[in-house]
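Before any comments, here is the structure.
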Amino acid sequence: MADLKIIKNGSVLIKNGIIEAVGKSRHIEKQIKKDDVDQSDFDIIDARGKSVLPGFVDSHTHLVFGGYRAEEFSWRLRGDSYMQIMQRGGGIANTVEATRQASAQELLQAGIKRLNSMLSFGVTTVEGKSGYGLNCEAEIKQLDVMARLDQVHYIDVVPTFLGAHAVPKDYKGKQDAFIDFMISDVLPRVIEQQLAEFCDVFCEKDVFSIEQSRRLLMRAKELGLKLKLHADEIVQLGGAELAAELGAVSADHLLQASDRGIKDMAAAGVVATLLPATAFSLKEAYADARKMIDADCAVALATDFNPGSCFTESIPLVFALATLYMNMSTEEAISALTINGAAALDRADLIGSIDAGKKGDVVVLEFPSYTYIPYHLAVSTVEKVIKQGNLVYDTEKGGIIHC
Ligand code: IZC
Ligand code: ZN
């Protein structure tokens, strides 16, 4: 994670949206001449004095939702905990109410705005979860909106089915029956309509147990979904161990992960996705990134953008927290937001690094080195975003470039 393989005085050649070559500028120029390429066929973006990185991969968000929970934030400022608010009937249940009431069109418009903000931070691929419907119709509506967002926006949207995100009012105290309902009614519809790549569960004390999570995830896996897990965030339940047991692609949060769980994840190749902006927002202790990296876990970083515990799409904030408070080096944090983010979405062969054959998703920083990312504290250093070879965002051209 600490080795970024930096090329000084380099160039990237992108053709038909795919990276064709990367290397020293003089080598790339020679190759273009040898291939007899007509230079006028190419747009040349001059990045002299700047730095070029892979587009950021935000591999854990809840970006499609109705309503906001600003009032809960002020309650938390007064000392209420996230879980206390949830137990009083607020929290996720509030967003479920608002999301059920919102039309697909309203969710789409809000989603586009949020993706525009993410693009300005250099994000070129984002994962998004359902989980604010909790019934068949509204879960499908959320996933449909994500499919539509993927079509209409530059950013690639990877959909995750999180039907087991909370226990809805009509299933209060009947978690097992709710998992049965997800397995018998909702999951088959999601599969049939090919609306999700991943299945995730909020595995947490007083939400869904290890047993309940295992049951739903095993069925999802049988039906062809890849797995993720909200694991060991508030209480040490053994979520990391479960993710390893089930061969999940990632386990996320991990503030309370046990040593055994960390070892199991490393052995099973589960990506440890850490969400420092959530720990910051909830005033919790950060996940032990150093322990995980030293145990040979692949660590990814993501925003966890959601209306409750972490209402931010700020990649620079994540960099600041990871480097200053989790003792990750800048290089490790960059790997965690690029190639390991891609691995957390099972797409490391397609995105996450500037290599020939991968998607032409790159960002240009306004500064000469990536070291400016955490140094320019919590402020974006991204000047340009290139998505599949097209310049789609440029601060020098007023922001997003609409085609
Ligand atoms: O809306 O509160 N933790 N799910 C699990 C969330 C936070 C999102 C929310
Ligand atoms: Zn989450």
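Atoms within a ligand are numbered from 1 in the order they appear, just like the ligands themselves. Numbers here are sequence positions counted from 1.
Salt bridge status for Glu396 with Lys384: present, with a side-chain N to carboxylate O gap under 4.0 Å.
Rounded to 10°, the angle formed at the Zn ion (ligand 2) by His230 NE2 and His60 NE2 is 100°.
For residues 60-74, the pairs satisfying salt bridge (Lys or Arg N to Asp or Glu O under 4.0 Å) are Arg69-Glu72, with sequence neighbours left out. Here salt bridge (Lys or Arg N to Asp or Glu O under 4.0 Å) pairs that include residues 248-263, with residues two or more places apart or in two chains, are Asp259-Lys291, Arg260-Asp264. Counting only residues at least two apart or in different chains, salt bridge (Lys or Arg N to Asp or Glu O under 4.0 Å) contacts with residues 304-318 are absent.
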Contact table, ligand 1 N/O with protein N/O, distance under 3.5 Å:
from, atom 1, to, atom 2, distance (Å)
ligand 1, 1 (O), Arg69, NH1, 2.8
ligand 1, 1 (O), Tyr132, OH, 2.6
ligand 1, 2 (O), Arg69, NH2, 2.9
ligand 1, 2 (O), Tyr82, OH, 2.5
ligand 1, 3 (N), Tyr82, OH, 3.3
ligand 1, 4 (N), His165, NE2, 2.7

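Between Gln236 and Ser258, the side chains place no donor N or O within less than 3.5 Å of an acceptor N or O (distance only, hydrogens not considered). Counted by atom type alone, Asp200 and His165 present zero donor-acceptor pairs between their side chains at under 3.5 Å.
Contact annotation: His62 places an N, O or S atom under 2.8 Å from the Zn ion (ligand 2).
Aromatic ring centres of Phe311 and Phe73: separated by at least 6.0 Å.
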